[in-house]
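Here is the structure we will look at.
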2 protein chains.
Amino acid sequence: MINELEKIKDSVLLQDIKVEELSSMLGCLRGVIKHYKKGEEVLSQGAEIKQFGLLIEGKLQVVQYDHFGNKSILSIIEPNQIFAEAYAYVNKLPSMNVEALVDSTVLFLDSDKLSSPCQNCCSFHKQLVKNLLFIISNKNVNLTEKIECMAKRTTKEKLLTFLSLESIKQNSKEFYIQYDRQALADYLGVERSAMSAELSKLKNEGMLEYNKNWFKLLQK
Amino acid sequence: MINELEKIKDSVLLQDIKVEELSSMLGCLRGVIKHYKKGEEVLSQGAEIKQFGLLIEGKLQVVQYDHFGNKSILSIIEPNQIFAEAYAYVNKLPSMNVEALVDSTVLFLDSDKLSSPCQNCCSFHKQLVKNLLFIISNKNVNLTEKIECMAKRTTKEKLLTFLSLESIKQNSKEFYIQYDRQALADYLGVERSAMSAELSKLKNEGMLEYNKNWFKLLQK
DNA sequence: AAAAGTATGTTGGAAAAACAACGGATTATA
DNA sequence: TATAATCCGTTGTTTTTCCAACATACTTTT
């Protein structure tokens with residue numbers, strides 16, 4: 001147990017919480033550690049979620065099966081990341097499954113206990129709530145930005161929206177992006193080669209310059 | 001002041017908090033009420049946000065100006081809704097503006113104070129945190145579902161993903177949807193008429209039946 | 001330095017979506 | 001009830017994207 005806590009003490013969720021406090025936290029939040037074999041189901045579509053998970057070791061994938069049985073992978077969970085936290089706080093039943101890609105170890109924490117601190121109002125409770133709010137808010141901001149880009153009708157507009165956002169966030173007309181071409185295309189929900197072609201066009205039209213991951217937005 | 005609290009006591013944020021507690025809460029969370037004239041800026045792009053807002057009266061719009069000055073409306077805020085809560089909990093600077101569409105009254109609450117309850121651990125603090133986690137998690141789930149739909153390449157796939165999700169959520173192959181055709185097209189980020197045509201095709205192919213807001217998914 | 005692998009750009013034809021315009025049906029309003 | 005307004009489906013044309021295949025440049029490995 002101690003060994004396992006050592007592995008996750010640097011996760012965002014446990015940021016600024018003392019290692020000594022971690023084990024008392026486990027009791028307070030009804031912490032349960034579970035092990036899964038490769039291929040096992042960690043959470044199932046439609047099953048009520050009262051706890052959220054923190055992956056200690058292994059790798060998980062969040063998948064969705066639609067009405068016709070088609071499978072689509074929504075995200076990959078790496079160690080130190082939390083998952084199902086949003087569903088733990090709403091009444092809705094999850095519409096996706098979580099499966100273990102390799103043998104994995106998960107710490108489940110009681111979402112109710114986390115938001116209703118115990119009588120003594122332990123200091124780590126405050127910090128946990130802060131951290132959780134940060135994590136969820138952060139996801140929220142990122143999801144919103146992605147939607148802003150994807151909502152545009154053409155690849156050109158999607159690209160410009162994305163680049164404009166980067167420019168604003170990095171507070172400069174010149175900036176580096178974190179994605180390679182394929183990842184950027186996936187992020188925007190378009191075809192890589194078509195996106196490359198669109199980037200060339202924009203360069204020819206004098207709207208931007210770029211080289212690999214470096215971009216510069218120009219006046220029209 | 002009392003009058004204003006009366007107006008927002010039914011908001012999700014203040015759910016299950018006693019009216020008597022509201023004014024003590026205001027002190028604790030450094031609550032500030034501000035008034036805006038139509039057209040005034042409530043929050044500005046790039047300006048640090050330490051507080052989030054709860055709209056008491058009026059109507060606001062969240063807008064984004066890109067690098068080329070194009071304006072796009074991200075959302076409309078109605079009374080009792082909160083806004084900027086995600087940005088208040090992350091370090092990122094907001095990339096959007098909030099403007100008053102009509103004369104409006106806003107209650108600002110200190111995000112830091114909310115997540116770090118005071119010494120006496122007042123009961124409303126717990127409830128507020130719970131409510132806020134619910135609101136943000138809910139948004140998160142909704143945003144994720146929207147992205148699932150929008151990420152599909154064709155209008156047909158977007159429709160089927162949306163309808164599958166509805167079917168799962170309503171736990172039935174038959175269900176009613178909340179959007180009219182134009183709203184659904186906007187939600188999915190596609191053209192209304194093209195979407196209508198696609199619906200017809202799916203009906204002809206025997207994949208679904210529908211009439212107005214009623215839909216039924218069929219086996220392939 | 002050669003070879004293999006990876007990332008990016010280019011192109012042409014097929015497929016899909018956008019767009020515009022219209023007609024019928026339903027709903028709201030005078 | 002007449003009229004206007006809104007919603008929805010249809011169609012033909014234009015525009016854009018997808019897709020597959022290939023060329024080039026850069027990176028990593030041996």
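Quick note on labels: first sequence line is chain A, next is B, and so on, each numbered from 1.
- There is a side-chain donor-acceptor pair under 3.5 Å between B:N97 and B:E41.
- As a whole-Å value, the separation of A:L202 CG from D:dT16 C1' is 14 Å.
- Rounded to whole Å, the distance from CZ on A:R181 to C1' on C:dT10 is 14 Å.
- Position along DNA chain C of the nearest nucleotide to A:R153 versus A:Q182 favours A:Q182 as the more 5'-ward residue.
- In this structure, B:K152 atom NZ and D:dT17 atom C1' are separated by 18 Å, rounded to whole Å.
- Checked against side-chain contact (heavy atoms from CB on, under 4.5 Å), A:E40 has the following partners two or more places apart in sequence or in another chain: A:Y36, A:K37.
- The listed nucleotides are C:dA18, C:dA7, C:dG9; the one nearest the side chain of A:D180 is C:dA7.
- For B:K146, the side-chain contact (heavy atoms from CB on, under 4.5 Å) partners at least two apart in sequence or on another chain are A:I147, B:M150, B:Y187.
- Near DNA chain D, meaning a heavy atom under 4.0 Å from it, residues 190-198 of chain B has B:R192, B:S193, B:S196 in order of number.
- Within the helix from C:dA1-D:dT30 to C:dA30-D:dT1, the inter-axis angle between the opening and closing five-pair segments is 50°, rounded to 10°.
- Note: CD (A:E157) to P (C:dA18) measures 11 Å, nearest angstrom.
- For A:K212, a side-chain nitrogen or oxygen approaches OP1 or OP2 of D:dT27 to under 4.0 Å.
- A:K203 has no side-chain polar atom (N or O) that falls below the 4.0 Å cut-off from OP1 or OP2 of C:dT8.
- For A:Q61, the side-chain contact (heavy atoms from CB on, under 4.5 Å) criterion is met by A:V63, A:K71, A:I73, A:I76, A:E99, A:L101, not counting sequence neighbours.
- For A:T154, no side-chain nitrogen or oxygen approaches OP1 or OP2 of D:dT16 to under 4.0 Å.
- In this structure, B:N204 atom CG and D:dT10 atom C1' are separated by 12 Å, rounded to whole Å.
- A pairwise comparison of heavy atoms in A:F215 and A:N213 identifies CD1-O, 3.6 Å as the closest pair.
- Summarising the geometry, the separation between CG on A:L159 and P on D:dT16 is reported as 14 Å, rounded to the nearest angstrom.
- OP1 and OP2 of D:dC7 both lie 4.0 Å or more from every side-chain N or O belonging to B:Y179.
- Between B:F134 and A:Y89, the distance from one ring center to the other does not fall under 6.0 angstrom.
- Here the straight-line distance linking atom OG of A:S193 with atom CD of A:E198 works out to 11.0 Å at 0.5 Å rounding.
- Counting to the nearest Å, the C1' atom of C:dA18 and the NZ atom of B:K156 are 19 Å from each other.
- Listed by first then second residue, pairs satisfying salt bridge (charged side-chain N to carboxylate O under 4.0 Å, His left out) with a partner in residues 176-197 of chain A read A:E191-B:R153, not counting sequence neighbours.
- Atom-to-atom, CG of A:L184 to C1' of C:dT8 comes out at 12 Å; the value is rounded to the nearest Å.
- Defined by atom type and a distance below 3.5 Å, a donor-acceptor pair is present between the side-chain atoms of B:K92 and A:N142.
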